[in-house]
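Notes to accompany the following structure.
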Amino acid sequence: MIAISTNSIGKSYGGEPIIGNVSFHINDGEKLGVVGINGAGKTTLLNILAGVIDPDEGEVFISGDKKVGYLRQRDNFALSKNELPETKSSKTELSESEPSKTGETPELTVYEAMKNVEGYDYDSEVEGMLKAMSFEESYYAKPVSQLSGGEQSRLALGCILLSKPDILLLDEPTNHLDVSTINWLEKHIRNYRGAVIIVSHDRYFLDKTTQKTLEISGGKGRMYSGSYSFYAKERKAVRDSEMRAYQNQQKEIARQEDMIRRFKERGTEKLAKRAASREKRLAAMERISRPEALADKMKLSFKEDFPSGTDVLIGENISVGFEKPLVEGLSFLIRRGERIAISGANGVGKTTLLKAILGLIPLKAGNLKIGHNVAFGYYDQGQLLLNEQNTVLEEVHQDFRLYTEGEIRNLLARFLFRGDDVFLRVSDLSGGEKARLSLLKLMMGGANVLLLDEPTNHLDIDSKEAFEDSLSEYPGTVIVVSHDRYFLDKIPERIINLDDYKPGKNKGRYGGNSNSFSGNVNGSIAGSDREDTVDREETSSQIERARRKERQAEERRRRREKDRLEALIQQHEADIMANEEEMCAEGNHSDFELLEKLAKENEKLKAELEDAYDRWMELE
């Protein structure tokens, strides 16, 4: 049964179309991934599906008894203290908490927010969901307003999942989750009975959870019948096929127009009729639109101004934290050129460790030795190093004053800030735009050791791939905190898991064992079954190869005959024209014998020419 469908929906802001003519449907139990570059209109689509905004055109159909749950990227808890994340029926909104006798609405705690989801009253399930969302008991009595943005997003996700809506809309659900919580969420969504629509730049997550992919590009939507990896391969094949079809049609149009011109030039009644017939067919031809060019990618290249010494960082029995230590007994040796991932659950101290390495906070215990000629470059996941009051141009120029404005604008263009974009205030930028601006400044810094705190969080998939490629070519050292498993499988060579260095845990001599964040999900075929399958495939393949060879041989024969006829037509036309020129030449006007001979020759050539045209058209 269809859970939700759209028919030619469109939305514009300030006369600028965001999405247009998007149509799709998903059935109960199906999981759909929505992908596209930042600003493509993915969140706009979710807002329309959730009923937050109305489309300017088209319709959304949701069955009358379906309940919709919507996780936004941010602001899931309204400013009023009692309002829960957006979960609504297509008929009625959920009721809010009752005000107290004094007339004031009591502020919800973390536990109350989860328990008040539609009056949910099963403590075991409430506590189970809080645990799944990485909330320890110490958080239960904490007011929701005192949570960080990431913690509120996790709480909102738990509330929505606990309410079990029929249609689940998730906008970047993995942004604030650690790897273990993401793994739990993947299993939960795979087993979820309702329909799920996910906007995400997490490629692993999309592969593990979705069965279909909707690409939003150029305001249009295109459906692919597979998860992200299928879509990534198919997208290029589809675009290449569309471009070939467009180019072939353009060649055919040019060829037909040339034939029409040549038919008209011959001046015979028969060829004139054929020219008119071809003109009608050409006018009625359905023209293929030129496929849109793929969106530009960031063009970044990390280089070091000078190399560091061989030993970059040596940590001995390090402890970091604030009032209480988060990490204890950590020792490590990081050498030039290594790529190191720092992993662990939320709150374990990953960002704290990066700040301790940078000297922004003191160590609680142990020694940290920074090697010779080490120059750090730091990517801050909160973008707090950017000045919100600056324009994009000013933000770069204040740190790199030796560059001219023209040079900076050229660099900004490589990071997709073009035209008047460079005069936007930093405060007006989206998360993805701030991320690109931070990466540009990091690239220009020329550091030989990069400390990266969740660098891919706000990047779209194309930007992530460009960033990964640039890091692969970077000669310096990379130390990264990330929950992006595609990124973690591609870039780091070693992993330091801080979960192993919580206070009270046993410690090893050095941190950083080799590891992989991906697993082998491919099943195996039993031996005999595999052999039978191979035999059948080989027989089928041989038959198909023979048929393909026959088709190819016939096509070659047809092409050779067309080439021969076209050469004959061209030669006959040239001979006819030469004869006509000779007949008109001064001095031949009185040579009746020659004129008669040339006229008979042209008559014969024209007859052969018409016959050649007839046979040529049969081969089209």
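All values reported here derive from a predicted model rather than from experimental measurement.
Under the salt bridge (Lys or Arg N to Asp or Glu O under 4.0 Å) criterion, the residue pairs touching residues 43-64 are Lys11-Asp56, with sequence neighbours excluded. Judged as a salt bridge (Lys or Arg N to Asp or Glu O under 4.0 Å), the pairs with a partner in residues 174-197 (not counting sequence neighbours) are, in order, Glu186-Arg485. Applying the side chain to side chain donor-acceptor pair (under 3.5 Å) definition to pairs two or more places apart or across chains, those involving residues 12-26 are Ser8-Asn21.
Counting heavy atoms from C-beta on, the side chains of Tyr192 and Leu168 come closer than 4.5 Å. Using a 4.5 Å cut-off on side-chain heavy atoms (C-beta onward), Val126 and Leu162 make contact. Taking the side chain as every heavy atom from C-beta outward, Phe415 and Leu437 never approach each other to under 4.5 Å. Inter-residue side-chain proximity for Leu450 and Ile479 is flagged as unmet; no heavy-atom pair is nearer than 4.5 Å. Annotation: side chain of Ile340 is not in contact with side chain of Val478 (no heavy-atom distance under 4.5 Å). Between Phe24 and Lys212 there is no side-chain heavy-atom pair separated by less than 4.5 Å. Taking 4.5 Å as the limit, every side-chain heavy atom of Lys434 sits out of range of all side-chain heavy atoms of His458. Using a 4.5 Å heavy-atom cutoff, the side chains of Tyr379 and Val480 are not in contact.
Heavy-atom contacts from other residues, nucleotides or ligands closer than 6.0 Å to NZ of Lys490 number more than 12. Surrounding CG of Asp420 are at most 12 heavy atoms belonging to other residues, nucleotides or ligands under 6.0 Å away.
Taking a cutoff of 4.0 Å between a charged side-chain nitrogen and a carboxylate oxygen, Glu242 and Arg239 do not qualify as a salt bridge. Ion pair Lys164/Glu125 flagged as a salt bridge, since at least one NZ, NE, NH1 or NH2 atom sits closer than 4.0 Å to an Asp/Glu carboxylate oxygen.
A donor-acceptor pair shorter than 3.5 Å cannot be found between the side chains of Thr210 and Ser227. Checked by atom type, the side-chain pair Thr44/Asn47 shows no donor-acceptor distance below 3.5 Å. For the residue pair Asp202/Tyr486, the side-chain donor-acceptor check at 3.5 Å is not satisfied. For His483 and Glu454, the side-chain atoms include at least one donor-acceptor pair closer than 3.5 Å. A donor and an acceptor atom, one from each side chain of Asp171 and Thr43, are located under 3.5 Å apart.
The cationic atom of Arg235 (NZ for Lys, CZ for Arg) does not lie both less than 6.0 Å from the six-membered ring centre of Tyr224 and within 45° of the ring axis.
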